[in-house]
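Some notes on the structure that comes next.
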Amino acid sequence: MSAPIALYPPRVLSVGERCTGLLAVVATTLLLVLIRARPQRIRRILGVLHRGSHVADLRQAERAYAIVTTVSLRCASGYGCLHRSLAIILLCRLWGLRATWRVGFRSPPPQSHAWVEAADEPVCETVDPRTIYTPMITV
């Protein structure tokens, strides 16, 4: 049995925003398949992608979040945190910006969560994940 999930209403996007958002989501899917979602490989690739980019402010990262969650139901759901966070990072990088990617863990029961931070603030998280999860991976 599945639980109902309430999604945020989709945002109005320009054609360019929709195309770059879809590109980021597809690139994230390919990235996760090719590297088999191994954290060390993700960290290495994101480290290379961050070179030569400017720091994103919170408004820019929130716009990337809005675009990614509008073009992808997987990213908009409550169960797509890894996919969503990586798509936001890749979209920011397409704009020449970088944001911080974090993965945290907690237990019991064992649980993990991935999120994006800009200006030392979590991007579009309902609850601050830093209070619930212990950050283990930061790029």
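- Residue pairs that meet the ring pair (Phe, Tyr, Trp, His ring centres under 6.0 Å) test with at least one member in residues 13-68, sequence neighbours left out, do not exist here.
- For Ile35, the CD1 atom sits in a packed shell: over 12 heavy atoms of surrounding residues, nucleotides or ligands are nearer than 6.0 Å.
- Scored by the side-chain hydrogen bond (donor to acceptor under 3.5 Å, both in side chains) test, Arg93 finds no partners at all (sequence neighbours excluded).
- When all heavy atoms of Thr28 and Ala87 are compared, the pair lying nearest together is OG1-CA, 3.2 Å.
- The two residues Val25 and His83 come nearest to each other via the heavy atoms O-NE2, 3.6 Å.
- Put simply, the side chain of Arg98 never gets that close to the backbone of Leu49: no donor and acceptor are under 3.5 Å apart.
- Between Arg41 and Arg36, the closest side-chain pair of non-hydrogen atoms falls below 4.5 Å.
- Taking Asp57 as the reference, nothing meets the side-chain hydrogen bond (donor to acceptor under 3.5 Å, both in side chains) condition, with sequence neighbours excluded.
- Without hydrogens or angle criteria, Arg18 side chain to Leu13 main chain gives no donor-acceptor distance under 3.5 Å.
- The nearest pair of heavy atoms linking Arg102 to Pro135 is NH1-CB, 3.9 Å.
- Between Met136 and Val103 there is no side-chain heavy-atom pair separated by less than 4.5 Å.
- Residues Arg63 and Val12 share a closest heavy-atom pair of NH2-O, 3.6 Å.
- Heavy-atom minimum distance, Ala118 versus Leu58: O-CD1, 3.7 Å.
- Of the residues listed (Thr69, Val71, Ile67), the one engaging Arg11 in a side chain to side chain contact (heavy atoms under 4.5 Å, CB included) is Thr69, and it is the only one.
- Among all heavy-atom pairs drawn from Asp120 and Arg130, the shortest one is O-NH1, 3.0 Å.
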